[in-house]
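Note sheet for the following structure.
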Amino acid sequence: MRLYDKNPNERELRKVVDALDKGGVIIYPTDSVYAFGCRLNSVEGAERIATLCGKGEQTLSVICSSISEASEYVRIDNAQFKVLKRNTPGPFTFIMNASGAIPNRLLAKRKTVGIRIPDSPIARAIIEAVGSPLYTASVKDPDSIVEYTTDPELIWERYADKVDVVVSAGYGSATPTTIVDLTDREPEIIREGAGELL
């Protein structure tokens with residue numbers, strides 16, 4: 001289905017939420033690459049995403065609509081808050097210490113989680129409509145020279161029978177997020193990507 005940055009269609013948005021509420025998996029646009037998503041409390045959805053990504057041990061990322069929402073799922077001190085405030089919403093994944101609100105089955109003995117607060121009206125509209133963050137992972141194409149799949153038509157052809165909804169917003173970016181580790185005193189850039197840390 002097609003959603004637009006300005007005034008996403010409420011009826012179409014409701015279909016996305018209904019799919020997620022039933023434990024489904026969606027593909028949706030972010031401010032970097034297209035991503036898989038499911039509700040944070042969906043065991044089946046998380047397992048399906050892990051299978052689709054082809055990883056036995058998926059790095060956990062949680063996509064939130066705001067710093068306030070993120071603060072329920074990770075521990076944020078004053079220094080970390082200032083970094084988040086300067087750089088979100090934006091194309092970053094911040095590695096932070098998880099709080100008790102992250103389901104243990106998703107952490108799989110890890111203590112950290114990647115937090116995303118995207119500068120994407122559609123992604124934020126979906127999260128706000130669902131009323132909770134999404135478990136998320138980038139859509140990659142292992143068979144392509146370009147690692148990340150950016151064409152929603154090709155995404156649909158590849159995943160139509162594997163996910164519940166593909167949300168199109170036109171061509172996406174092929175540049176993933178910048179990954180920043182905030183678990184130590186100073187921010188450490190783990191992967192250079194679309195975001196320039198301020």
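FYI, the numbering just counts along the sequence from 1.
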Identify every side-chain donor-acceptor pair in residues 188-196 under 3.5 Å, counting partners at least two apart or on other chains, and give the distances.
residue	atom	partner	partner atom	Å
Arg191	NE	Thr177	O	3.1
Arg191	NH2	Thr177	O	2.9
Arg191	NH2	Thr177	OG1	3.1

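- Between Leu197 atom CG and Ile179 atom CD1 the span is 13.0 Å, to the nearest 0.5 Å.
- Inter-residue side-chain proximity for Val167 and Val16 is flagged as met; some heavy-atom pair is nearer than 4.5 Å.
- Annotation for Ser42 and Gly45: closest pair OG-N, 2.9 Å, computed over non-hydrogen atoms.
- Between Ile127 atom CD1 and Thr136 atom OG1 the span is 8.0 Å, to the nearest 0.5 Å.
- Sorted by first and then second residue, the salt bridge (charged side-chain N to carboxylate O under 4.0 Å, His left out) pairs with a member in residues 163-186 read Arg48-Asp164; sequence neighbours excluded.
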List the steps and the verdict of side chain to side chain contact (heavy atoms under 4.5 Å, CB included) for Tyr135 and Ile49.
CA-CA 9 Å; Tyr135 171 68; Ile49 289 175; 3.7 Å; yes
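- Residues forming a side chain to side chain donor-acceptor pair (under 3.5 Å) with Lys162 (at least two apart in sequence, or on another chain): none.
- Taking the side chain to side chain donor-acceptor pair (under 3.5 Å) definition, one finds that Ser66 meets it with nothing, sequence neighbours left out.
- Two residues are said to be in side-chain contact when any heavy atoms from C-beta on lie closer than 4.5 Å; Asn87 and Ile117 fail this criterion.
- Looking at residues two or more places apart in sequence or on another chain, you find a side-chain contact (heavy atoms from CB on, under 4.5 Å) between Asp77 and Ala79, Gln80.
- Within the structure, ring-ring contact (aromatic ring centres under 6.0 Å, His included) pairs that include any residue of residues 76-99 comprise Phe92-Phe94 (at least two apart or interchain).
- Side-chain contact check for Leu182 versus Ile95: every heavy-atom pair is 4.5 Å or farther apart.
- The pair Arg14-Asp18 counts as a salt bridge, with a side-chain nitrogen and a carboxylate oxygen less than 4.0 angstrom apart.
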Evaluate the side chain to side chain contact (heavy atoms under 4.5 Å, CB included) criterion for residues Ile26 and Val163: first the C-alpha distance (whole Å), next the side-chain angles of each, then the deciding distance (0.1 Å), finally the verdict.
CA-CA 6 Å; Ile26 66 168; Val163 300; over 6 Å; no
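- One hydrophobic cluster holds both Trp156 and Leu52 under the rule that ILVMFWY side chains link at heavy-atom gaps under 4.5 Å.
- Contact check for Ile126 versus Leu13: side-chain heavy atoms found under the 4.5 Å cut-off.
- Under the ring-ring contact (aromatic ring centres under 6.0 Å, His included) criterion, no residue pair touches residues 163-195, with sequence neighbours excluded.
- Partners of Ser173 under the side-chain contact (heavy atoms from CB on, under 4.5 Å) rule, at least two apart in sequence or in another chain, are Thr175.
- The shortest distance between side-chain heavy atoms of Ile63 and Ser61 does not fall below 4.5 Å.
- The only member of Leu84, Val83, Thr88 that meets side chain to side chain contact (heavy atoms under 4.5 Å, CB included) when paired with Arg86 is Val83.
- No chain of hydrophobic side-chain contacts below 4.5 Å, direct or via other Ile, Leu, Val, Met, Phe, Trp or Tyr residues, connects Leu20 to Val43.
- Other residues, nucleotides and ligands contribute at most 12 non-hydrogen atoms within 6.0 Å of the CG atom of Asn78.
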If you apply the rule side chain to side chain contact (heavy atoms under 4.5 Å, CB included), what do you find for Cys53 with Thr51, and how did you get there?
CA-CA 5 Å; Cys53 290; Thr51 300; over 6 Å; no
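- The salt bridge (charged side-chain N to carboxylate O under 4.0 Å, His left out) pairs that include a residue from residues 115-132 are Asp31-Arg116, Asp119-Arg124, where partners are two or more places apart or lie in different chains.
- For the salt bridge (charged side-chain N to carboxylate O under 4.0 Å, His left out) test, residues two or more places apart in sequence or in another chain that qualify with Lys15 are Glu12.
- Val166 places none of its side-chain heavy atoms less than 4.5 Å from the side chain of Tyr28.
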Side-chain donor-acceptor distances from residues 68-76 under 3.5 Å, at least two apart:
residue	atom	partner	partner atom	Å
Glu69	OE1	Ser65	N	2.8
Glu69	OE1	Ser65	OG	3.3
Ser71	OG	Ser68	O	2.5
Arg75	NH1	Ala98	O	2.5

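- Side chains of Ser32 and Pro176 form no contact here, defined as non-hydrogen atoms less than 4.5 Å apart.
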For residues 33-41, which side-chain donor-acceptor pairs fall under 3.5 Å, sequence neighbours excluded?
residue	atom	partner	partner atom	Å
Tyr34	OH	Ala169	N	3.0
Tyr34	OH	Gly170	O	2.6
Arg39	NH1	Asp21	OD1	2.7

